[in-house]
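The structure displayed is predicted, hence computed values, not measured ones.
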Amino acid sequence: QVQLVESGGGLVQPGGSLRLSCAASGRTFSNYAMGWFRQAPGKEREFVADITWSGDSTYYADSVKGRFTISRDNAKNTVYLQMNSLKPEDTAVYYCNAVVFNHRPVNVFGSWGQGTQVTVSS
């Protein structure tokens with residue numbers, strides 16, 4: 001089955017930036033709206049941002065509005081999350097997945113990827 005692969009995480013200081021990438025094999029990636037989710041230690045996974053299949057519309061959680069930007073390049077079969085002005089509370093494992101209405105993840109790819117760790121600390 002197709003597997004989602006997240007990358008680009010790392011350790012940054014508060015106020016720093018990171019650019020995450022999400023890729024999947026196959027030709028159907030561009031057929032779906034895609035979203036980013038994150039899970040901090042001891043907390044439930046939460047929605048971060050998503051983008052329509054065509055890339056013409058985006059939506060963000062209130063906690064990241066104005067700081068994060070989601071984008072996609074269907075030709076490269078990749079979705080990105082540009083994260084600026086990072087805060088310690090952004091520390092989490094970040095995951096991508098297909099999404100449907102109300103920003104809910106949908107099991108198109110069979111399972112979640114392993115995610116990529118983002119740590120914001122001084």
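Looking only at side-chain heavy atoms (C-beta outward), Asp90 and Arg38 come within less than 4.5 Å of each other. Leu20 has its side chain within reach of Val118: a pair of non-hydrogen atoms, C-beta onward, lies under 4.5 Å apart. With contacts defined as side-chain heavy-atom distances shorter than 4.5 Å, the pair Val12/Ser17 does not qualify. Inter-residue side-chain proximity for Tyr32 and Val99 is flagged as unmet; no heavy-atom pair is nearer than 4.5 Å.
Residue Tyr94 is grouped with residue Ile51 when hydrophobic side chains (ILVMFWY) are merged at heavy-atom distances under 4.5 angstrom, including chains of intermediate members. One hydrophobic cluster, built from ILVMFWY side chains closer than 4.5 Å, holds both Leu18 and Ile70. Linking ILVMFWY residues whenever their side-chain heavy atoms come closer than 4.5 Å, directly or via other members, leaves Leu81 and Trp53 in distinct clusters. Linking Ile, Leu, Val, Met, Phe, Trp and Tyr residues whenever their side-chain heavy atoms come within less than 4.5 Å leaves Tyr95 and Val79 in two separate clusters. Trp36 and Tyr80 fall into different hydrophobic clusters, defined by Ile, Leu, Val, Met, Phe, Trp and Tyr side-chain heavy atoms under 4.5 Å apart, directly or through other members.
Note: Asp50 CG to Thr58 OG1 = 8.0 Å, rounded to the nearest 0.5 Å. Rounded to the nearest 0.5 Å, atoms CG (Asn97) and CE (Met34) are 6.0 Å apart.
Between the side chain of Glu6 and the main chain of Cys96, a donor-acceptor pair closer than 3.5 Å is present. No donor-acceptor distance shorter than 3.5 angstrom exists from the side chain of Arg45 to the backbone of Val93, with no hydrogens or angles considered. Not one N or O on the side chain of Ser85 forms a donor-acceptor pair closer than 3.5 Å with the backbone of Arg67. Side chain of Asn107 to main chain of Gly110: a donor-acceptor pair is present (N/O by atom type, distance under 3.5 Å, no hydrogens or angles).
For Phe37, the ring pair (Phe, Tyr, Trp, His ring centres under 6.0 Å) partners two or more places apart in sequence, or in a different chain, are Phe47, Trp112.
Applying the 6.0 Å contact sphere to CD of Glu89 captures more than 12 heavy atoms from other residues, nucleotides or ligands. When the shell of 6.0 Å around CD of Glu46 is examined, it contains more than 12 heavy atoms from other residues, nucleotides or ligands.
Closest approach of Ala23 to Thr78, counting heavy atoms only: CB-OG1, 4.3 Å.
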